[in-house]
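What's counted below: heavy atoms across the whole structure, side chains too, no hydrogens, waters or symmetry copies.
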Number of protein chains: 2
Amino acid sequence: MEKSSVGIVKPKTVFFKDDFFLESGRILSKLTVAYETYGTLNKEKDNAILICHALTGSHHAAGYYSPDDQKPGWWDDMIGPGKPFDTEKYFIICSNFLGSCYGTTGPASIDPSTGKPYGLRFPVFTVKDMVKLQKKLIDHLGIPKLLCVAGGSMGGMQALEWAVTFPEKVHSIIPIATAGRITPMAIAFNTIGRQAIMKDPNWLGGDYYGKTFPKDGLAIARMAGHITFMSDASFQKKFGRKYATLEGIYDFMGYFEVENYLRYNGYKFTERFDANSYLYIIKAMDIFDLSYGYGSFEEAVSRISCKSLFITFTSDFLFPNYQTEEIVSILKKLNRDVKWVNIESDYGHDAFLLEFDIQGSSVANFLEDVYDEIKK
Amino acid sequence: MEKSSVGIVKPKTVFFKDDFFLESGRILSKLTVAYETYGTLNKEKDNAILICHALTGSHHAAGYYSPDDQKPGWWDDMIGPGKPFDTEKYFIICSNFLGSCYGTTGPASIDPSTGKPYGLRFPVFTVKDMVKLQKKLIDHLGIPKLLCVAGGSMGGMQALEWAVTFPEKVHSIIPIATAGRITPMAIAFNTIGRQAIMKDPNWLGGDYYGKTFPKDGLAIARMAGHITFMSDASFQKKFGRKYATLEGIYDFMGYFEVENYLRYNGYKFTERFDANSYLYIIKAMDIFDLSYGYGSFEEAVSRISCKSLFITFTSDFLFPNYQTEEIVSILKKLNRDVKWVNIESDYGHDAFLLEFDIQGSSVANFLEDVYDEIKK
């Protein structure tokens with residue numbers, strides 16, 4: 001364990017027994033939220049930062065679960081003592097979002113009204129619902145206003161949604177590799193995943209709990225997802241055209257390294273993720289659109305009044321940079337305090353989990369500015 | 001039927017009863033090849049052009065099958081009297097390639113040794129095998145040397161392979177939206193298709209003939225393919241974020257227009273294509289690599305001694321332009337007679353089936369030059 005780690009961490013849960021009203025009008029009661037925190041909330045309660053995870057992430061953003069644990073949280077390079085999200089200065093919170101499968105209530109949870117897993121009886125939820133549930137957690141922790149909300153990909157959507165829905169509750173946001181609404185091409189990739197899961201004969205209309213898991217469908221969904229995380233250049237660098245089997249290219253079942261990788265990681269993913277959660281979350285991603293309920297996309301974005309730092313990566317084709325450019329230009333026209341750092345990288349969309357030099361220093365400097373201003 | 005159509009056409013077949021030796025060492029006997037021709041072979045037999053089709057195409061490249069036929073052949077805009085492949089001047093041949101399912105022998109054909117469909121007993125074949133079978137057809141038609149071999153996507157691979165394998169048999173080639181070997185990202189997309197088909201419980205190891213067709217798997221494969229034919233810009237233009245159902249965005253089964261389109265076309269495709277053919281053909285695409293068997297990619301490309309016209313489209317991310325640039329720069333260094341037209345288009349890879357202005361005039365002018373030179 002490196003010196004700058006937050007060390008051993010313990011996930012926490014909080015139970016909300018009052019009704020939670022979703023955007024759809026549906027009501028969830030008896031909600032559990034899983035979360036982790038790193039660092040210490042100061043007595044002014046003004047050093048709290050909420051980190052939002054992506055599609056298949058969890059609240060385990062930093063540190064280790066045991067001394068033998070080989071794999072730290074998903075943003076360990078960014079969170080810790082002396083790191084960009086500096087736990088010696090800031091109190092970091094990361095919660096598993098609504099509908100996921102790492103401890104927060106989702107489709108695999110027991111429906112209290114039936115005593116069985118929800119399955120497709122779980123309500124469709126939105127990014128705004130995720131954010132509203134995070135708000136309950138923040139209230140529960142006694143934090144009046146967040147210093148910052150930050151996250152990449154779907155985590156960035158939550159950061160944007162926080163600033164639009166609760167402008168009075170955030171001093172700043174850091175949306176990374178994200179968009180105010182995804183492109184039809186991104187929906188197309190989600191379509192592949194959705195069809196693959198729902199056409200898996202083991203999916204059974206979502207009622208597979210206690211039976212055979214629809215792992216082929218979820219694995220194929222993950223393989224399609226993997227393509228979108230990478231870029232033409234990163235595929236070239238990582239795999240090239242290396243052939244994987246000894247049998248040779250005329251073997252019908254032979255395959256290239258890239259296929260080996262996609263298959264291995266596709267199936268490995270099925271050991272850690274719920275198929276229904278995946279369906280509900282990609283649905284939330286598809287229907288996330290800042291403009292819904294406002295007169296226009298511009299009107300929704302104009303609600304972002306706090307300081308913001310946008311980070312993008314040049315080779316990200318899932319969330320193309322022009323989407324961030326659009327938001328930034330709206331905010332600039334309104335003279336908002338907005339920064340945009342477009343980082344040259346071959347890693348594609350995944351870069352927010354891999355490129356830490358410029359991303360890290362940009363975040364560190366931005367947070368210092370925001371915190372200094374508050375403390376003035 | 002428009003005036004410049006080749007009119008009503010009739011597909012032909014030729015039967016080769018001698019053994020056909022594949023690159024893999026496997027032998028196919030009793031091969032049938034389906035093909036069409038348009039225009040007339042002149043008495044010098046020097047006006048013949050071979051058109052090569054793409055992954056899911058057929059030998060029906062131009063004209064109509066009946067006076068009521070609503071849909072002409074796949075390249076009807078390019079082939080006909082007064083069109084770029086001018087049937088008043090040239091004799092055009094298009095054959096269904098080896099392993100496809102439109103009349104040429106493939107995995108769905110009857111294996112003469114068992115009296116049952118081949119299924120996975122069909123040998124793995126290559127683009128070179130396709131070209132060698134086309135060569136048998138050309139010999140059969142009594143054509144000593146082709147004026148040109150042209151095609152887009154996998155059709156372009158065949159054009160390249162003709163020039164590399166039979167340099168003495170082609171006066172010129174027109175490879176369009178293609179590559180000398182596909183990228184690992186393109187293999188990744190084929191991986192999705194392959195996994196979707198092979199994990200369909202109706203696939204049955206390829207022995208589904210006479211039973212339930214694995215249409216879910218093939219439909220998902222086609223949906224993944226569709227993504228690669230388009231571009232971010234064409235998805236935006238064609239669909240935007242238009243929502244398709246009346247139930248609203250909180251309906252779990254609701255969908256966007258783009259999903260509707262992908263699903264509809266995915267399933268429609270299963271009515272016209274064989275799943276095993278699809279698997280064998282994407283395998284042939286994956287293992288197509290001009291460099292195989294030569295000292296280097298450069299050495300293979302240097303065998304292209306004829307005149308060549310390369311056409312690419314700016315938004316094609318399946319066959320990125322840098323792949324054509326590489327081939328063109330090798331040929332230029334060798335002072336070969338090579339032209340490259342990179343056409344500005346939002347249509348992505350599909351552009352070769354949709355953009356005819358510059359593509360058409362480039363082809364027409366190139367063919368005229370090649371023909372004039374022969375006739376000098």
Side-chain angles (χ1 to χ4, degrees), chain A residues 22-26 120 122-124 126 181-185 187-192 194-196 199-201 206 216-217 219-220 223-224 226-227 230-232 235-236 238-243 248-252 254-259 262-263 266 279-280 283 286-287 289 292 317 320, chain B residues 22-26 120 122-124 126 181-185 187-192 194-196 199-201 216-217 219-220 223-224 226-227 230-232 235-236 238-243 248-252 254-259 261-263 266 279-280 283 286-287 289 292 317 320:
Chain A
L22 301 174
E23 278 207 271
S24 66
R26 293 277 305 276
L120 291 205
F122 202 74
V124 167
T126 64
R181 53 188 169 192
I182 64 172
T183 64
M185 189 165 174
I187 298 174
F189 276 101
N190 283 342
T191 296
I192 305 300
R194 192 155 33 238
Q195 292 299 309
K199 292 293 155 61
D200 186 315
D216 288 337
I220 291 168
M223 294 181 218
H226 246 298
I227 294 179
M230 295 180 64
S231 73
D232 184 61
F235 269 108
Q236 290 281 10
K238 202 174 171 101
F239 309 108
R241 289 185 43 88
K242 199 163 179 285
Y243 199 73
I249 59 167
Y250 304 132
D251 173 17
F252 183 81
Y255 46 84
F256 287 83
E257 273 297 348
V258 55
E259 176 148 355
L262 288 174
R263 271 157 43 181
L279 290 174
Y280 275 88
K283 171 109 196 149
D286 286 353
I287 64 175
D289 192 328
Y292 286 169
F317 78 95
Chain B
L22 300 174
E23 277 208 274
S24 66
R26 294 276 306 274
L120 290 206
F122 202 74
V124 166
T126 64
R181 51 189 170 192
I182 64 173
T183 65
M185 190 166 174
I187 299 173
F189 277 101
N190 283 342
T191 296
I192 305 302
R194 191 154 32 237
Q195 292 298 309
K199 292 296 154 62
D200 186 315
D216 288 337
I220 292 169
M223 294 181 217
H226 246 298
I227 295 180
M230 295 181 64
S231 74
D232 185 62
F235 270 108
Q236 291 281 10
K238 200 172 174 106
F239 311 108
R241 289 185 42 87
K242 199 162 180 286
Y243 199 74
I249 59 166
Y250 303 132
D251 173 17
F252 183 82
Y255 46 85
F256 287 83
E257 273 297 348
V258 57
E259 176 148 356
Y261 175 88
L262 288 175
R263 270 158 41 181
L279 290 174
Y280 274 88
K283 171 107 197 152
D286 286 352
I287 63 175
D289 192 329
Y292 286 169
F317 77 94

With respect to chain A, which residue among B:D232, B:T183, B:V258 yields the maximal number of heavy-atom pairs within a distance under 4.5 Å?
B:D232
Between B:K238, B:K199, B:K242, B:R241, which residue shows the highest count of heavy-atom pairs closer than 4.5 Å to chain A?
B:R241
Report the option among B:R181, B:Q195, B:M223 that has the most heavy-atom pairs separated by less than 4.5 Å from atoms of chain A.
B:Q195
Would you please classify the geometry between the B:F189 ring and the A:F189 ring as parallel, tilted or perpendicular, with 30° and 60° separating the classes?
tilted
So B:D251 and A:V124, side chain to side chain contact (heavy atoms under 4.5 Å, CB included) or not? Walk me through it.
CA-CA 7 Å; B:D251 173 17; A:V124 167; over 6 Å; no
Yes or no on side chain to side chain contact (heavy atoms under 4.5 Å, CB included) for B:Y255 and A:R194, after CA distance, side-chain angles and deciding distance?
CA-CA 11 Å; B:Y255 46 85; A:R194 192 155 33 238; over 6 Å; no
Under 4.5 Å from any heavy atom of chain B, what part of A:L262 do you find: side chain, backbone, both or neither?
side chain
Is any side-chain heavy atom of A:Y292 closer than 4.5 Å to one of A:E23?
no
Could you look at A:N190 and say if it's the side chain, the backbone, both or neither that has a heavy atom under 4.5 Å from chain B?
neither
Contacting region of A:S231 [heavy-atom separation from chain B under 4.5 Å]
backbone
Chain B heavy atoms under 4.5 Å from A:R26: which part of the residue, side chain, backbone, both or neither?
neither
Name the region of A:D286, side chain, backbone, both or neither, that has any atom closer than 4.5 Å to a heavy atom of chain B.
both
Go through A:E257, A:M230, A:R263 and name the one with the most non-hydrogen pairs under 4.5 angstrom from chain B.
A:R263
Is there side-chain contact between B:H226 and B:Y261, with at least one heavy-atom pair below 4.5 Å?
yes
Hey, which of B:I182, B:L22, B:L279 has the most heavy atom pairs under 4.5 Å with chain A?
B:I182
What part of B:F317 is in contact with chain A, defined as an atom under 4.5 angstrom from a non-hydrogen atom: side chain, backbone, both or neither?
side chain
Closest non-hydrogen atom pair, B:I192 against A:A224
CD1-N, 3.3 Å
Ranking B:G248, B:G25, B:P201 by heavy-atom pairs under 4.5 Å to chain A gives rank one to B:P201
Among A:G240, A:G217, A:G266, A:G254, which residue forms the greatest number of heavy-atom pairs with chain B at distances under 4.5 Å?
A:G240
In the structure I gave you, are the side-chain heavy atoms of B:I249 and A:D289 within less than 4.5 Å of one another anywhere?
no
Looking at B:Y280 and B:P123, would you say the former's side chain and the latter's main chain have a donor-acceptor pair under 3.5 Å?
no
What's the shortest heavy-atom distance between B:I220 and B:A196, and which atoms?
CG2-CB, 3.7 Å
Choice from B:Y243, B:F239, B:F252 maximising heavy atom contacts with chain A below 4.5 Å:
B:F252
